[in-house]
Amino acid sequence: MNDDTPLCGFTIGITASRRAEEFATLLTRRGATVVHAPAIRIIPLADDTELERVTRQIIDNPPEIVVATTGIGFRGWMEAADGWGEAEELGRALAASRLLARGPKAKGAIRAADLREEWSPASESSAEVLDHLLGEGVEGKRIAVQLHGATTEWEPVADFCEVLRCAGADVIAVPVYRWTPLEDQAPMDRMIELIASGGLDAVSFTSAPAVASLLTRAKETGMIEMVLHSFRHRVLAACVGPVTAGPLRELEVPTTMPARSRLGALARHIADELPRRANKIQTAGHELSIRGGCVVVDGEVRQLPPAAMSLMRTLGARPGRVVPRDELLAALPGGGGDTHAVETAVARLRASLGAPKAVQTVVKRGYRLALDPVDCVDSREEGQQ
């Protein structure tokens with residue numbers, strides 16, 4: 001590993017549908033292993049009869065306020081209207097309304113359509129847009145809100161509209177670029193399993209609908225609690241911006257994001273964050289760092305067989321503490337009732353690490369990672385605090 005490949009040994013999940021290959025290249029150039037499972041499929045806007053119906057409603061009776069939440073959504077809306085022969089009419093209707101842009105991408109899309117926004121928050125936050133509207137009063141006003149995608153229990157946009165309705169506004173939801181899960185859910189199911197087992201170091205999200213889709217599928221497959229536990233304790237949720245992070249934060253999942261909501265910035269942010277957060281265990285004269293799909297020993301990436309990797313994660317969760325054979329057996333793929341399988345897996349683990357003394361046998365009790373004295377002292381001191 002070197003400064004050019006800071007992500008060497010790390011495995012990162014990508015949920016993006018758009019620009020996924022470009023983003024994967026940004027990560028692999030930095031040394032990462034990438035697992036791709038697109039979370040959503042975008043419905044072509046020109047085929048969306050609901051959007052066409054709402055567009056005609058807005059043309060016939062322009063709302064007082066229009067909220068543009070995403071650049072791609074607003075541009076797509078205008079392009080779809082052009083395909084229906086209604087672009088000029090929609091442009092006139094929007095020009096007659098007060099336009100609010102949630103962030104710079106939405107602002108750029110508005111101006112590309114020869115329109116001008118009245119206001120945009122510095123934070124790129126839907127919450128600040130909502131506060132702005134409620135602060136000026138919305139009772140009796142017709143407000144069109146461009147949605148992010150399909151609304152689910154995990155997305156904040158439905159709440160945005162509902163709050164405005166409760167405050168007395170007549171809200172028109174504009175269902176721009178609606179999404180659905182992919183027909184083939186096998187890649188997503190595999191990613192969910194990797195998140196639950198700690199087989200990924202991080203998962204990247206570039207849209208709130210992608211977060212919603214993954215969480216919905218995890219709930220459908222009975223994996224939601226395991227997924228949330230992993231995100232809260234060992235798998236980094238890296239989001240492109242605060243809107244994307246919203247559904248996870250609502251579930252008390254820690255998230256991290258770059259200062260600027262851009263794909264390149266997200267890749268650089270992940271390359272900074274993962275090495276900084278990596279666990280480093282001093283054991284038997286070696287430095288070990290347990291990653292999602294491998295162990296780094298003294299700076300060298302060691303690929304472990306699945307059984308050995310499962311044992312390493314279990315031992316590494318409590319460095320220096322004895323882990324009983326029964327618990328290690330339960331951690332092995334396939335389980336079983338023969339504790340001899342643990343001895344075999346431990347032998348392979350020691351060989352794969354190239355540091356046989358790192359895993360210590362505790363007679364009649366189990367196994368543990370043999371911490372160096374400095375770590376043992378630190379552990380005792382922490383226990384006394």
Side-chain angles (χ1 to χ4, degrees), residues 1-13 27 30-33 35 194-202 229-230 232-236 270-325 327-333 341-363 365-383:
M1 291 184 290
N2 54 53
D3 292 342
D4 294 329
T5 56
L7 293 176
C8 189
F10 290 102
T11 304
I12 301 169
L27 295 175
R30 292 169 167 83
T33 298
V35 176
L194 287 171
I195 295 169
S197 66
L200 297 176
D201 296 290
H229 182 271
S230 281
R232 288 168 183 152
H233 297 285
R234 53 185 175 181
V235 179
L236 182 67
I270 291 172
D272 290 338
E273 282 295 299
L274 277 182
R276 185 180 69 80
R277 294 169 182 245
N279 60 340
K280 294 179 180 178
I281 304 169
Q282 306 297 326
T283 172
H286 300 276
E287 182 181 88
L288 271 61
S289 181
I290 304 169
R291 310 281 168 84
C294 68
V295 178
V296 178
V297 183
D298 298 329
E300 180 183 349
V301 175
R302 298 272 184 162
Q303 298 293 341
L304 274 58
M309 195 68 224
S310 295
L311 289 190
M312 196 66 203
R313 290 193 192 108
T314 305
L315 292 167
R318 295 180 290 177
R321 298 183 184 180
V322 178
V323 182
R325 284 178 173 80
E327 188 173 333
L328 291 172
L329 181 63
L332 290 177
V342 174
E343 297 171 14
T344 303
V346 167
R348 290 176 179 167
L349 172 58
R350 287 170 171 156
S352 299
L353 289 176
K357 294 182 180 179
V359 181
Q360 184 180 54
T361 301
V362 181
V363 180
R365 293 181 61 196
Y367 298 89
R368 68 182 175 192
L369 288 182
L371 294 190
D372 287 348
V374 63
D375 280 342
C376 292
V377 171
D378 290 344
S379 296
R380 286 196 298 272
E381 288 176 349
E382 288 174 4

Work out which heavy atom in A345 is nearest to a heavy atom in A307; give both atom names and the distance.
-> CB-CB, 4.5 Å
Under 3.5 Å donor-acceptor, T11 side chain and G292 backbone | no
Is the count of non-hydrogen atoms from other residues, nucleotides or ligands lying under 6.0 Å from H229 atom NE2 greater than 12?
-> no
Straight-line distance of H286 NE2 to I281 CD1, nearest 0.5 Å = 13.5 Å
Pairwise side-chain contact, I12 with T33, heavy-atom cut-off 4.5 Å (strictly under) = no
Please examine the side chains of Y367 and V362, heavy atoms only from C-beta on, and report whether any two atoms are closer than 4.5 Å.
-> no
To the nearest 0.5 Å, atom CG of L311 lies from atom CG of L304 at 9.5 Å
Count the heavy atoms of every other residue, nucleotide or ligand shown that sit under 6.0 Å from CZ of R321, and state whether that count exceeds 12.
-> no
CZ on R368 to CG on L328, rounded to 0.5 Å = 13.5 Å
Does the side chain of L353 come within less than 4.5 Å of M312's, by heavy atoms?
-> yes
Heavy atoms, side chains only, cut-off 4.5 Å: are F10 and C294 in contact?
-> no
Closest contact, heavy atoms only, T314 versus S310 | OG1-O, 3.0 Å
Can you tell me how far the CG atom of L274 sits from the SG atom of C8, to the nearest 0.5 Å?
-> 12.5 Å
Could you give all pairs that pass the salt bridge (charged side-chain N to carboxylate O under 4.0 Å, His left out) test and reach residues 302-320, with sequence neighbours left out?
-> E300-R302, R318-E327
Any side-chain donor-acceptor pair under 3.5 Å between R232 and S230?
-> no
Of V296, V297, N279, which is the lone residue that meets side-chain contact (heavy atoms from CB on, under 4.5 Å) with L288?
-> V297
How many angstroms lie between atom CZ of R30 and atom OG1 of T5, to the nearest 0.5 angstrom?
-> 11.0 Å
Does a side-chain heavy-atom distance below 4.5 Å link D201 with L236?
-> no
For S352 and P305 the tightest heavy-atom approach is OG-CD, 3.6 Å
Going by heavy atoms in the side chains, are L7 and I270 under 4.5 Å from each other?
-> yes
When you look at CZ of R348, are more than 12 heavy atoms from neighbouring residues, nucleotides or ligands closer to it than 6.0 Å?
-> no
When you look at CZ of R277, are more than 12 heavy atoms from neighbouring residues, nucleotides or ligands closer to it than 6.0 Å?
-> yes
Could you tell me the separation between the CD atom of Q282 and the CG atom of L369, rounded to the nearest 0.5 Å?
-> 12.0 Å
